[in-house]
Amino acid sequence: MDKVRFPHGYKVYLPLAVLFVFIFLFMPRTGNFKYDYKKGSPWMYETLISQFDFPILKTAAQLQEEREKAGSGVIPYYRYSEGVADEKMHAVESANLGDYNYLRPAIQKIMAEIYSRGVVSELEDGSGNTWSVIYIQKDKRASKYPVSETYRVSEARARLLSELRRRNIDCDVDSLCRYSGVYDLIVPNLEFDPQTTELIHDESVDYISPTSGVVNTGQLIVSHGEIVTAEIEQLLDSYKAEYENSLGYTGSQFLLWGGNALLAFALVFILFFTIFYTNPNIFSEFNRYCYLLVVFFIAVLATYVVERTGHENMYLVPFSLIALYLVAFFRTKVVYPVYMVSLLPLLLFAHNGIELFIMYLVAGVTAIFSFRYFHKGWQQFVTAFFVLLSLLTTFFMFRLIAGMKGFNDYQSLLYLSLGAFFSVAGYPLIYLFERIFALVSNSRLIELSDTNNKLLRELAHKAPGTFQHSLQVMNMADAAARAIGANVLLVRAGALYHDIGKTANPLCFIENETLGAHYHEGLSPSDSAKDIIRHVTDGLAIAEKANLPGVIKEFIVTHHGNTCTAYFYNKYLEQGGNPADASDFCYKGHRPTTKEQIVLMLCDTLEAASRTLKDFSQNNISELVERIFRTKMQDGQFDDADISLKELSILKNVLKEYLMQVYHARVVYPKRLSRNGK
């Protein structure tokens, strides 16, 4: 077994150091509440005694109930008018009481007492009869008064009538007050103020106390093994809030920061070795490596930031989108472990970390699997549906464990639905990442492999033989890449475009020659070699004009490496040419550097060479493959590629088997005899 080399160089460890610093800076600056609990589950820790005084925080439901109650209990605001009372009391002096003028002082005294308590209109508000208290502003000071201590106009007139009758007057007092106009002198002296009433109402709704009592130091919060009820959960939530906000950490700040640093280092350490043991080649691809670290940091940052806004908001975070961001550029054997590591901060810092970790792990695995089949256009919503289904299944699984009594957590269900939708809405950002990190996503490779695109249709039209050759190379390279775990989509796309330069001069290549037309007749070996070699530079020019990705251009440059056009070079030597001019017959590309480029080089050469065989026996095919591999190795074409001898051996066996299946002997179809046997 080949030994995996430990990565070296600042390009590996500097990004890790930067990632460590960023994670450390976002770590909590207070101690973490070390208990995890859920209503309906037993308290599995030691008996918890309060170490300090803390207020009991009201639940969201309690606060909402109080707001609704405050909203329904509007207290009206009135202003006391001194001028109304003075004016009407003075008007009693001119009232025509006839023979009963001696009642004038009594009337004034009774009215003074009525106006001092206040008179309100009976027409202010239809719901006024439900008020128990009102605000009255008098002498620049507002106070609450019971409604029973004030008078409506009708009540004030009844009080005046009652007091006068107590004096045993020998007349109809009611008629006297009515015809003398005394009744008309009783008017409201409390003026309703709608603006101030509305303001006081709004303040009463907005400024509801968030607490409902205090737990003192030494008081029991919960005992070991006790079931966490709604009341105990409220106490624990309040204790946790006070612990983390003010008294969460009483030790040395140096120890706190040291612990945070160790946690941040642990996350980076686990990520590093996850990459190392799944695909160490990532370390040598700086853009892909940086992208992976950025995606990991996005997951960590989302956990920290959203948890601080409220643990219930964690259901909104589309962690499954992280899995899709990884799937776009990496193989599944890398995606699964890296995604799992990206979820570790949920266990460390989220309120219900275990539940969230399991929930998003299941959702991520579902997204990875589903996206393989539903990734085009509207089909992504099918993936979102499966993600939502997995989230809801896991969510209700934990609810069943906790008991479904009185379940009404509809907000969480809404958040989960939105989070699943965000996994689709956020996927187009992958194209931005492609630009930033100069990467090519799997979706882009699939699009490039569609033979109906303009560039490949032009190749099929101008150079049909080359197009068929490219298709054969693609199929052969597909089988070879799968055998050694190379990027199949990348190899397929590279195979289709590696000879795209032949469209510039298709008849120069034998596979495109028509009957009776021989391009190289009359050309010197040197000129023929130059025209053959030019398809690499022509291919780069066409790829540049068509904005093909850089990784595809690399296949154009490396599929011949720096090998020679052996046929024309040998012909040149046979004609007495100088061996010192061998460079004129060599391709100006560079040797392959990746497994995928090695696979394409071998498949390209073998597909063309296999067409020259006269006998497709097992021995001949085996000898051809061995010779091609030996020649490439002697030419040093494998020297710069990160491929092992074991993988080269696997490629040999796979390509031999593939060619034998393509060129296997067929049954000779006999000539059909006529009825007379001829």
Side-chain angles (χ1 to χ4, degrees), residues 445 447-481 490-521 523 527-549 551-561 563-568 585-589 592 596-613 624 628 655 658-659 662-663:
L445 292 175
E447 291 175 4
L448 289 172
S449 299
D450 185 355
T451 55
N452 287 319
N453 69 58
K454 181 180 178 181
L455 204 56
L456 293 179
R457 286 203 311 270
E458 184 179 3
L459 175 64
H461 174 69
K462 292 183 177 180
T466 299
F467 180 69
Q468 292 301 319
H469 161 73
S470 298
L471 292 177
Q472 294 298 326
V473 172
M474 179 187 70
N475 293 329
M476 189 185 301
D478 183 300
L490 179 59
V491 168
R492 289 177 65 88
L496 287 174
Y497 294 92
H498 76 285
D499 274 343
I500 197 70
K502 292 183 180 180
T503 56
N505 190 11
L507 294 179
C508 177
F509 304 91
I510 190 170
E511 67 266 22
N512 299 312
E513 286 185 353
T514 58
L515 291 176
H518 300 288
Y519 179 87
H520 294 281
E521 286 184 2
L523 293 179
D527 289 338
S528 292
K530 288 179 181 177
D531 288 348
I532 292 288
I533 291 171
R534 190 179 298 127
H535 85 275
V536 173
T537 53
D538 288 343
L540 284 176
I542 293 171
E544 190 72 32
K545 184 178 179 180
N547 292 318
L548 291 182
V551 288
I552 302 300
K553 296 176 187 175
E554 284 296 306
F555 284 104
I556 297 174
V557 175
T558 62
H559 75 279
H560 285 297
T563 58
C564 286
T565 54
Y567 175 81
F568 293 107
F585 295 85
C586 292
Y587 287 94
K588 303 305 185 287
E596 291 78 14
Q597 292 168 7
I598 286 288
V599 167
L600 181 61
M601 169 182 275
L602 291 169
C603 292
D604 179 44
T605 305
L606 279 170
E607 201 283 328
S610 66
R611 294 175 180 269
T612 65
L613 291 177
L624 173 66
I628 295 297
L655 292 174
Y658 183 88
L659 288 173
V662 171
Y663 296 110

Margin query: Quick check: closest heavy atoms across Cys603 and Leu655, and the distance to 0.1 Å?
Written below: SG-CD2, 3.8 Å
Note to self: Regarding Lys502 and Glu511, does a basic nitrogen lie under 4.0 Å from an acidic carboxylate oxygen?
What the structure shows: yes
Next item on the list: Give every residue pair that meets the salt bridge (charged side-chain N to carboxylate O under 4.0 Å, His left out) criterion with at least one member in residues 449-468, sequence neighbours excluded.
Entry: Glu458-Lys462
Next item on the list: With sequence neighbours left out, write down each residue that passes salt bridge (charged side-chain N to carboxylate O under 4.0 Å, His left out) with Asp478, or none if nothing qualifies.
Entry: Arg482, Arg492
Next item on the list: Please work out which of the three classes, parallel, tilted or perpendicular, describes the rings of His520 and Phe568, given edges at 30° and 60°.
Entry: tilted
Item checked: side-chain contact (heavy atoms from CB on, under 4.5 Å) evaluation trace for Leu602 with Met476 -> CA-CA 10 Å; Leu602 291 169; Met476 189 185 301; over 6 Å; no
Note to self: Let me confirm one number: the OG1-CD1 distance from Thr466 to Ile500, rounded to the nearest 0.5 Å.
What the structure shows: 9.5 Å
Next item on the list: Let me see the working for Tyr587 and Thr565 under side-chain contact (heavy atoms from CB on, under 4.5 Å), right down to the final yes or no.
Entry: CA-CA 8 Å; Tyr587 287 94; Thr565 54; 3.8 Å; yes
Note to self: Let's go through Asp499 and His535 carefully: what are the C-alpha distance in whole Å and the side-chain angles of both, what is the deciding distance for side-chain contact (heavy atoms from CB on, under 4.5 Å) to 0.1 Å, and is it a yes or a no?
What the structure shows: CA-CA 7 Å; Asp499 274 343; His535 85 275; 3.3 Å; yes
Notebook entry, point to check: Nearest 0.5 Å, what's the OG1-CG distance between Thr503 and Asp538?
Noted result: 8.0 Å
Notebook entry, point to check: Which pair of non-hydrogen atoms, one from Ile598 and one from Pro592, has the smallest distance, and what is that distance?
Noted result: CD1-CB, 3.8 Å
Note to self: Does Ile510 have more than 12 heavy atoms from other residues, nucleotides or ligands lying within 6.0 Å of its CD1?
What the structure shows: no
Check: Can you check ring-ring contact (aromatic ring centres under 6.0 Å, His included) on His469 and His498, steps first, answer last?
Finding: CA-CA 11 Å; His469 161 73; His498 76 285; 5.5 Å; yes
Notebook entry, point to check: Nearest heavy-atom pair of Ile556 and Ala543: which atoms, and what distance?
Noted result: CD1-CB, 3.9 Å
Check: At their closest point, which heavy atom of Lys588 faces which heavy atom of Cys586, and how far apart are they?
Finding: NZ-O, 2.8 Å
Checklist line | Contacts of Phe585 that satisfy ring pair (Phe, Tyr, Trp, His ring centres under 6.0 Å) - sequence neighbours left out | finding: Tyr569, Tyr572
Margin query: Could you report the tightest heavy-atom contact between Ala493 and Ile552, atom names first, then the distance?
Written below: CB-CD1, 3.8 Å
Checklist line | Test item: Leu471 and Thr451 side chains (from C-beta on) under 4.5 Å apart, heavy atoms | finding: yes
Check: Does Cys508 have any disulfide bond (SG atoms under 2.5 Å apart) partners at least two apart in sequence or in another chain, and if so, which?
Finding: none
Checklist line | Nearest non-hydrogen partners of Glu447 and Asn453, listed with the distance | finding: O-ND2, 4.2 Å
Check: Which residues satisfy the side-chain hydrogen bond (donor to acceptor under 3.5 Å, both in side chains) test with Tyr658, sequence neighbours excluded?
Finding: none
Notebook entry, point to check: Counting distance only, does the side-chain N/O of Tyr497 pair as donor-acceptor with the main-chain N or O of Leu548 below 3.5 Å?
Noted result: no
Notebook entry, point to check: So, do Leu456 and Ser470 sit near enough that their side-chain heavy atoms are less than 4.5 Å apart?
Noted result: no
Notebook entry, point to check: CD1 of Ile532 to NE2 of His560: how many Å apart, nearest 0.5 Å?
Noted result: 8.5 Å
Check: Should Leu455 and Ile542 be marked as a side-chain contact (heavy atoms from CB on, under 4.5 Å) after you check the CA-CA gap, both sets of side-chain angles, and the distance that decides it?
Finding: CA-CA 9 Å; Leu455 204 56; Ile542 293 171; 3.8 Å; yes
Margin query: Strictly distance-based, threshold 3.5 Å: is any side-chain N or O of Asn512 a donor or acceptor partner for the main-chain N or O of Pro506?
Written below: yes
Check: For Glu544, which residues count as a side-chain hydrogen bond (donor to acceptor under 3.5 Å, both in side chains) partner, sequence neighbours excluded?
Finding: Lys553
Next item on the list: Nearest 0.5 Å please: distance from the CG atom of Leu600 over to the OG1 atom of Thr558.
Entry: 7.0 Å
